[in-house]
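Remarks on the structure that follows.
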Amino acid sequence: MKGTDFDQRVYAMVGQIPHGYLSTYGQVADRIGAYGCARQVGWALRRLSLPTLIPWQRVVNAQGRISMSLSREGTDWMQRDLLIAEGIPVDLEGRLPLKRFLWSPDERQISQMNQLLRAL
DNA sequence: CTAGTGACGTGCC
DNA sequence: GGGCACGCCACTA
């Protein structure tokens with residue numbers, strides 16, 4: 001799988017996450033057939049040019065936290081604001097109730113997902 | 001080319 | 001709960 005292809009798969013996947021729901025880097029990796037490549041999902045999201053229609057803010061780490069980093073140059077705090085605006089409480093450490101908002105796609109969403117991936 | 005770093009996850013202590 | 005090692009691999013120096 002080449003790099004741009006990987007990015008497009010990530011974006012297709014993330015684009016499926018409904019408003020007010022969350023997913024994790026690892027889940028996104030799994031669902032595009034790249035088990036173990038959570039870190040690369042982070043890089044793909046970093047390559048997005050903001051603003052974008054892709055709901056990148058809905059992807060957090062498996063520990064239920066926003067990945068805070070100076071290297072993100074403020075996009076981490078932007079992520080916090082966007083999630084709060086979607087009704088998800090986030091504390092000042094970036095912690096959030098992941099289990100309550102974790103998204104699991106239904107049958108329809110899975111088939112649409114497969115269709116999007118096939119179209120690449 | 002090599003080494004270090006990092007929007008990560010799992011396993012183990 | 002915290003910390004560390006390792007696997008993953010793009011990117012940078």
Side-chain angles (χ1 to χ4, degrees):
Chain A
M1 189 188 308
K2 59 181 169 38
T4 47
D5 190 12
F6 181 86
D7 284 11
Q8 293 311 306
R9 284 170 175 266
V10 170
Y11 301 153
M13 183 67 241
V14 174
Q16 294 287 103
I17 307 172
H19 183 280
Y21 286 83
L22 298 170
S23 191
T24 69
Y25 299 97
Q27 281 187 341
V28 172
D30 292 352
R31 290 175 186 152
I32 64 173
Y35 177 79
C37 297
R39 196 161 213 153
Q40 285 60 248
V41 171
W43 276 105
L45 294 182
R46 159 168 274 203
R47 284 180 209 110
L48 284 169
S49 49
L50 303 180
T52 174
L53 293 176
I54 295 168
W56 54 274
Q57 71 272 21
R58 296 173 192 156
V59 184
V60 299
N61 66 38
Q63 304 162 70
R65 306 187 63 172
I66 290 173
S67 295
M68 310 294 281
S69 167
L70 292 176
S71 67
R72 293 185 59 180
E73 299 175 344
T75 60
D76 43 4
W77 290 95
M78 187 185 310
Q79 181 173 14
R80 179 171 181 272
D81 291 339
L82 290 169
L83 290 180
I84 290 175
E86 294 193 8
I88 298 173
V90 190
D91 73 13
L92 289 173
E93 305 267 294
R95 282 187 286 258
L96 43 81
L98 177 58
K99 283 176 298 191
R100 266 200 281 143
F101 295 93
L102 192 59
W103 174 58
S104 34
D106 59 31
E107 280 305 318
R108 207 195 63 76
Q109 290 167 324
I110 290 174
S111 62
Q112 183 175 349
M113 192 55 228
N114 291 332
Q115 190 173 336
L116 285 175
L117 292 183
R118 236 177 294 118
L120 297 179

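Residue numbering restarts at 1 for every chain, and letters A, B, ... go by the order of the sequence lines.
Phosphate contact (OP1/OP2 of B:dA7, side-chain N/O of A:S69, threshold under 4.0 Å): present. In terms of phosphate contacts, A:S67 brings a side-chain nitrogen or oxygen within less than 4.0 Å of OP1 or OP2 of B:dC8. An OP1 or OP2 oxygen of B:dA7 is reached within less than 4.0 angstrom by a side-chain nitrogen or oxygen of A:R46.
Of the listed residues (A:T75, A:L83, A:D81, A:L82), just one forms a side-chain contact (heavy atoms from CB on, under 4.5 Å) with A:Q79, and that residue is A:L83. In summary, of the residues considered (A:V14, A:V28, A:V60), a side-chain contact (heavy atoms from CB on, under 4.5 Å) with A:S23 occurs for A:V28 alone.
Remark: A:D5 engages A:R9 in a salt bridge, criterion side-chain N to carboxylate O under 4.0 Å.
Side-chain proximity of A:A62 to B:dT10, C:dG7, B:dA7: nearest is B:dT10. The side chain of A:R47 sits closest to C:dC11 out of C:dC11, C:dC9, B:dA7.
Two residues are said to be in side-chain contact when any heavy atoms from C-beta on lie closer than 4.5 Å; A:V41 and A:M13 fail this criterion.
Among the heavy atoms of the strands, none lies under 4.0 Å from A:T75.
If A:W43 and A:C37 are placed on DNA chain C by their nearest nucleotide, the residue sitting closer to the 5' end is A:C37. Map A:Y35 and A:R95 each onto its nearest nucleotide of DNA chain C; the residue landing nearer the 5' end is A:R95.
Rounded to whole Å, the distance from CZ on A:F6 to C1' on C:dC9 is 9 Å. Regarding A:L45, its CG atom lies at a distance of 7 Å from the C1' atom of B:dA7, rounded to whole Å.
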